[in-house]
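The analysis underlying the following values was restricted to heavy atoms, covering all of them including side chains, and did not include hydrogens, waters or symmetry mates. Numbers restart at 1 for each chain; the letters A, B, ... are given by sequence-line order, proteins then strands.
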Amino acid sequence: MAEALGRLNPEQRMAVETIDGPLLVLAGAGTGKTRVLTTRFAYLIASGAARAEEILAFTFTNKAAREMRERVAALLGGPVETLWIGTFHAIAARLLRRHAEAVGLRPDFTILDTDDQLRLIRTLAAEQGIDPKSAPPRFLLAQIQRWKDRALAPEAVPAAEAASVADGKGFDLYATYQERLRGLNAADFGDLILYMVELLRHDPDRLARLQRRFRHVLVDEYQDTNVAQYLWIRLLVEGHGRICCVGDEDQSIYSWRGAEIDNILRFERDFPGSRIVRLERNYRSGEAILAAASGLIAHNEARLGKTLRPADPARAGEKVRVVALEDSDEEARFVATMIETWRAEGERLAEIAILVRAGFQTRAFEEQFLARNLPYRVVGGLRFYERAEIRDALAYARLLFHEEDDLAFERILNVPKRGAGESTLQALRAAAVERNLSLLEAARALCAERKLRGKAGEGIGRLLDDLDRARRLLAERGAAKTLEILLEDVGYFDLWRREGTLEAEGRLENLRELIRVIGEFGSLGEFLEHVALVTELDETVEEEKVSLMTLHAAKGLEFDIVVLPGWEEGMFPNARALEEGGERALEEERRLAYVGLTRARRRAVITHARYRRMFNQVQAAMPSRFLDELPAEWVETGAPGPKRRGLGRVTAPAFAAGSRVMHEIFGEGTVLAAHEGRVDVAFDRIGPRRVLSDYVRPLSD
DNA sequence: GTTCTTCTCCTTTTT
DNA sequence: GGAGAAGAAC
């Protein structure tokens, strides 16, 4: 322990050893936040303040939870199974299963995924005659989630607000949606937190027991908590105030998910007697990058304020480079070529990341990388458990586990196609309601009574037989093997095999992977709980590949080199975000920019295009206002590369058609024609292009 | 009634 | 260039 403490700087040490009251650790990017959290965890135990199982630690991602768990275990010397370290949702689920009946659920309740939620909302909205055009299901679901993020059960939604959403229909839908979820013995993500708060609010004894049981509470990424999470935390530490929140208001980027930056800004008022420790020594980046990022974020109002300083003051590092490109295609080509150059200079691809504002931006880069055989990976795109084939297979698994899982049944009723379409489903629903059965039981009843005719009757009959057979196999063959047999029997594998495309190959591969993973779990139930709460299948093998991801996905990561494309008004800051959220949203966009810049250890390159192709048309784009907000002394403009020896003074006539030239970015090529300030060159690597003559020099040989 | 095809709309970020 | 809804064909 002494050794671990000795590795801390004075501020970090203060953050670890202040354990007698509420503490807010303002941890700037790259200041050793995780080290503080894990050391504090261990210190609480070593100092006798709490036993390991008396410390409750909340994180936002499963990855962060895992990392913390591993590092704490290492500090404590050996794996600790009983640690309460997890995401808000995972911990809520764990606690709720023990107290399910108090919130109207059974302990084996299902946790819905977004697909399920949306399908349910769509059905309910249709039942209630809500026009999907004026009130799209996605929007309604988002509104319901926002209520849940604020810990508002239907009866708690303020009347004025209830009336304002789709003429009050949105609110009615919320009430029925909640009823239906309880009927299905299911909870969605928001419910986990909402129910937790309700449980603690309405049951003082239970609350008191939990307060005694968890002597210390740690919260990571406090700036990302929503109101419901905040209320939960507050209830938990009411009375003793032994809470430590770690966060960075400048990295609060999840308001659209209900995160409330005010939670962190208000900390001192919320938790009387609290102290604040600032971690400002940055161990990641050079001075130039830190100064550029600091200068940018200084434009925000909603801050507690802190200044990042390089831990090594002698390390100025490279300035942030800003490059203007003609259009989005050229941007992608430029970035790809730049990365090829870096690679040739010995940079590792795994240490290069391209961070974009919106997911679709990755496509242009992917195309370039594919064409050039430049290895890349898209981080966080469609996650494993969100793929259609995985969802389908999981629906079969859920049905095996819980016959009454109507949502799973609906999903696979006609997958693969067995002639049971919308009208069949309606008939089943009607029968289910009338006889108070689950859909599957209703199907069984109607089949037995020969009320389902033709293709549908036959198809459903076979499905029921296959399911029965599989269920009988379950105990003997285990979950993985049984699911494999079931998917084979119902013809689900064949569905993809018949396609014969490369994509279908991939899907089959994913299914095999799924079955392998199921095999690693003790039971089907255990596996399904894991799937509901863990969205990624994380085998982040260190591969020599460029990473492509959104700025949101990049939070918490770091790379030697970071490329930030698309810094144009409308794109970044994102126009839609500004429309919805105004000034507050602008500040959040700025925080995103700050997060992006501070991911870089050694080098950051920002690009913007003068013309951007949006869906089908080309639009002129203004450089992002964030570019103007970067302090000029830490920024360098123009393409990188070897110093321009007299370039720019070379005039166009110097380039005779047919002569060989070298371009700073695109490499060598042959001149086709020269124009005023521009040259057409057939480049060896990327083909013909018109480029600025400033960037071209003649090759003497 | 079911499935296939065309059309139109939009595309921010995700535990 | 993708998804969902509406219309057309089986």
Side-chain angles (χ1 to χ4, degrees), chain A residues 58-65 86-93 111-114 117-119 122 126 131-133 136-139 141-142 145 148-149 188-193 220-221 224-226 228-229 252-259 355-364 366-367 379-383 385-386 388 413-427 452-457 459 531-536 549-555 566 570-581 585 588-589 591-593 595-596 612-617:
Chain A
F58 291 109
T59 65
F60 266 86
T61 64
N62 294 293
K63 196 171 156 224
T87 63
F88 278 94
H89 295 94
I91 288 175
I111 300 168
L112 297 191
D113 61 45
T114 318
Q117 292 179 50
L118 213 51
R119 248 200 342 272
R122 206 170 277 137
D131 172 25
K133 284 241 170 62
R138 297 187 152 280
F139 170 84
L141 181 59
Q145 270 164 347
K148 290 184 178 179
D149 288 340
D188 67 18
F189 260 76
D191 284 334
L192 294 175
I193 315 290
D220 190 14
E221 308 276 18
D224 288 335
T225 51
N226 61 34
Q229 287 157 341
S252 168
I253 55 174
Y254 283 108
S255 70
W256 47 272
R257 209 173 66 191
L355 310 182
V356 295
R357 175 64 182 87
F360 72 86
Q361 288 175 268
T362 59
R363 202 165 46 224
E366 285 188 73
E367 283 167 12
V379 179
L382 236 205
R383 272 167 301 283
Y385 291 115
E386 284 168 5
L413 175 61
N414 205 26
V415 181
K417 302 230 173 357
R418 43 177 77 89
E422 191 52 37
S423 62
T424 308
L425 179 59
Q426 291 301 344
L452 292 170
R453 298 186 176 272
K455 245 170 139 183
V531 172
L533 295 167
V534 179
T535 49
E536 84 268 43
M549 68 186 95
T550 63
L551 287 160
H552 284 88
K555 193 162 89 161
M571 188 91 231
F572 190 39
N574 179 274
R576 178 162 306 223
L578 297 193
E579 265 167 45
E580 281 170 23
E588 181 147 322
E589 296 287 302
R591 289 193 289 270
L592 263 178
V595 167
R612 183 154 299 272
R613 216 181 38 208
M614 290 281 252
F615 40 142
N616 258 350
Q617 60 221 17

Quiz item: Side chains of Met549(A) and Val356(A): closer than 4.5 Å at any heavy-atom pair?
Solution: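 They are not in contact (no side-chain heavy atoms under 4.5 Å apart), so the answer is no.
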Quiz item: Does the side chain of Gln117(A) come within less than 4.5 Å of Arg122(A)'s, by heavy atoms?
Solution: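 With C-beta onward as the side chain, the pair stays apart.
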Taking all atoms of both residues into account, what is the closest heavy-atom pair of [X] and [Y], and its distance?
X	Y	value
Glu589(A)	Ala577(A)	OE2-CB, 3.6 Å
Phe189(A)	Leu112(A)	CD1-O, 4.0 Å
Phe60(A)	Asp220(A)	CD1-O, 3.8 Å
Ile253(A)	Lys555(A)	CD1-CD, 3.8 Å
Ile111(A)	Ala93(A)	CD1-CB, 4.1 Å
Thr424(A)	Ala456(A)	OG1-CB, 3.8 Å

Exercise. Using the C1' atom on both, measure dG4(C) against dT13(B) and round to a whole Å.
Key: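 Those two atoms are separated by 22 Å.
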Quiz item: Which whole number of Å gives the distance between the C1' atom of dA5(C) and that of dT12(B)?
Solution: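 My reading of the C1' atoms in dA5(C) and dT12(B) gives 24 Å.
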Quiz item: Rounded to whole angstroms, how far apart are CZ on Phe139(A) and C1' on dC10(B)?
Solution: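 About 16 Å, once rounded to whole Å.
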Practice problem: Could you go through the salt bridge (charged side-chain N to carboxylate O under 4.0 Å, His left out) check for Glu588(A) and Arg591(A) one step at a time? | Solution: CA-CA 5 Å; Glu588(A) 181 147 322; Arg591(A) 289 193 289 270; 3.3 Å; yes
Quiz item: Are Arg257(A) and Asp149(A) close enough, and set up right, to give a salt bridge (charged side-chain N to carboxylate O under 4.0 Å, His left out), and what steps lead you there?
Solution: CA-CA 8 Å; Arg257(A) 209 173 66 191; Asp149(A) 288 340; over 6 Å; no
Short N/O separations, protein against nucleotides 12-15 of chain B, under 3.5 angstrom:
| from | atom 1 | to | atom 2 | distance (Å) |
| --- | --- | --- | --- | --- |
| dT12(B) | O2 | Arg357(A) | NH1 | 3.1 |
| dT12(B) | O2 | Arg357(A) | NH2 | 2.2 |
| dT12(B) | O4 | Glu580(A) | OE1 | 3.1 |
| dT13(B) | OP1 | Gly359(A) | N | 2.6 |
| dT13(B) | O2 | Trp256(A) | NE1 | 2.8 |
| dT14(B) | OP1 | Thr550(A) | OG1 | 3.1 |
| dT15(B) | OP2 | Thr535(A) | OG1 | 3.4 |
| dT15(B) | O4' | Arg257(A) | NH1 | 3.3 |
| dT15(B) | O3' | Phe60(A) | O | 2.2 |

For nucleotides 1-4 of chain B, give me every protein contact, N/O to N/O, under 3.5 Å, one pair per line with atom names.
| from | atom 1 | to | atom 2 | distance (Å) |
| --- | --- | --- | --- | --- |
| dG1(B) | OP2 | Ser423(A) | OG | 2.6 |
| dG1(B) | O3' | Ser423(A) | OG | 2.9 |
| dT2(B) | OP1 | Gly421(A) | N | 3.2 |
| dT2(B) | OP1 | Ser423(A) | OG | 3.1 |
| dT2(B) | OP1 | Thr424(A) | OG1 | 2.7 |
| dT2(B) | OP2 | Ser423(A) | N | 3.1 |
| dT2(B) | OP2 | Ser423(A) | OG | 2.4 |
| dT3(B) | OP2 | Asn414(A) | ND2 | 3.1 |

Exercise. For DNA chain C, just give me the dot-bracket, please: Watson-Crick or G-U, both distances below 3.5 Å, ( ) intra-strand, [ ] crossing earlier pairs, | paired with another strand, . unpaired.
Key: .|||||||||
